[in-house]
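Every chain is numbered from 1 and lettered A, B, ... according to where its sequence line falls, protein lines coming before strand lines. The figures here come from the full heavy-atom set of this structure, side chains too, leaving out hydrogens, waters and symmetry mates.
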Protein chains: 2
Amino acid sequence: MVDPTSHPDNSESPAATDKAARDPLAILPGYTLRRAANAMMAELGALLGEVELRVSEASILLLIDGRSTMTSSLIGAALDIRSANMAPLISSLVARGLVERVPLDGKSMAIVLTEPGRAVLARVRTITQDFEQTLMLRIPPEHRDHFVPALNALWR
Amino acid sequence: MVDPTSHPDNSESPAATDKAARDPLAILPGYTLRRAANAMMAELGALLGEVELRVSEASILLLIDGRSTMTSSLIGAALDIRSANMAPLISSLVARGLVERVPLDGKSMAIVLTEPGRAVLARVRTITQDFEQTLMLRIPPEHRDHFVPALNALWR
DNA sequence: CCTTTATAGCTATTGAATATAGTCAAGTAC
DNA sequence: GTACTTGACTATATTCAATAGCTATAAAGG
């Protein structure tokens, strides 16, 4: 009959297979990167649930704070969000009274915080700073200072 | 009334606003993590386009190589994919002849590589190893060895 | 045994995030 | 002026992962 355990004769590099056997996820640092990012974003998302904002919405608030000439295309360029996707995002923030559209010229609209928007942003700042801190504290001290520089080197 | 340019008196920490002004994305390491992960996965995804596999499909092949008792639930546990999402994933790999389902007992199915699957996997290994290498080379040497350990500390 | 509970695999459906295509008006260049 | 570009937007499509629920098998307890 079929003994499922009698299958191991695969004549490939035993070293690679061995490595995979011990920690299959370690094969791909890039994959580990994705897993870590997903886990972190899920966590931050849960924290931001308190103010009912998604991560991208919170980043928009953080980004436009103190500025009066950020258009949706500028925000999109900074956060890597297509203009087609910016529109509904901003509309939802406008509908909730957190930001408003202020005409800059005939065709450009500045996205600026409203008073309620500033209040929510204050809470967002607390949440994200706490999160960032616990994030860094999870990293052993000897690796800590290398983390963000390494991350930035990857894609900038 | 509202002159959009006369808006900069926001009586918050000028330091924080300043930091945000210079590089708004650097505010959130967690956000930078997400951006980096997205960029990396897009890149790897493009490379894997050569063998018409998504990142998750390629990881499955890498994971089951040399094993004859990996069930879809085990794979899902290792890669953090729900069993509901494993089903269509595996089905597609089966349909393409890369893996096959082998009954282990009445209700468990081992997912094992076929001969063509092994051939594709060899190519996948080359691609991912190349990718992994260029990834690490982008990180300045002094940060390099700290990257993966820091990443793993975040979520394991 | 036979009933209960847990496990494995699966289907169908949903929701969120993002991408594509195209509209329209306002600005820019020649 | 005509032609081209840019900013904001609508509508739609694709992709991915999450939820709920089903069925059959296996394991555990009486």
Within-4.5 Å side-chain heavy-atom neighbours: B:Leu47 and B:Thr128: no
B:Ile64 side chain reached by B:Val112 side chain, heavy atoms, under 4.5 Å: no
Nearest-Å distance, [atom1] ([X]) to [atom2] ([N])?
X: A:Met41; N: C:dA16; atom1: CE; atom2: C1'; result: 16 Å
X: B:Ile81; N: D:dA18; atom1: CD1; atom2: P; result: 9 Å
X: B:Leu104; N: D:dT25; atom1: CG; atom2: C1'; result: 13 Å
X: B:Asp105; N: C:dA8; atom1: CG; atom2: P; result: 9 Å
X: A:Leu74; N: D:dG7; atom1: CG; atom2: P; result: 8 Å
X: B:Leu93; N: C:dC10; atom1: CG; atom2: P; result: 12 Å
X: A:Lys107; N: C:dT23; atom1: NZ; atom2: C1'; result: 14 Å
X: B:Leu89; N: D:dC16; atom1: CG; atom2: C1'; result: 10 Å

Under 4.0 Å: is that the gap between some side-chain N or O of [X] and OP1 or OP2 of [N]?
X: B:Ser83; N: C:dA8; answer: no
X: B:Ser73; N: C:dG9; answer: yes
X: A:Ser72; N: D:dA8; answer: yes

Give the nucleotide from the list [options] with an atom nearest to the side chain of [X].
X: B:Arg82; options: D:dT10, D:dA8, D:dT19; value: D:dT19
X: A:Ala84; options: C:dA21, C:dC10, D:dA17; value: C:dA21
X: A:Arg54; options: D:dT10, C:dG9, C:dA16; value: C:dA16
X: A:Arg101; options: D:dC9, D:dA26, C:dC10; value: D:dC9
X: A:Asn85; options: C:dC10, C:dA19, D:dC9; value: C:dA19
X: A:Ser108; options: C:dT18, D:dG7, D:dT10; value: D:dG7

Residues A:Arg101 and A:Ser91: side-chain donor-acceptor under 3.5 angstrom: yes
Is the CD atom of B:Glu52 crowded by more than 12 outside heavy atoms at less than 6.0 Å? no
Is the number of heavy atoms from other residues, nucleotides or ligands within 6.0 Å of CZ (B:Arg138) greater than 12? yes
What is the nucleic acid contact for B:Met86, judged by heavy atoms within less than 4.0 Å: base, sugar-phosphate only, or nothing? nothing
Regarding A:Ser56, tell me which of base, sugar-phosphate or nothing describes its non-hydrogen contacts under 4.0 Å with the strands shown. nothing
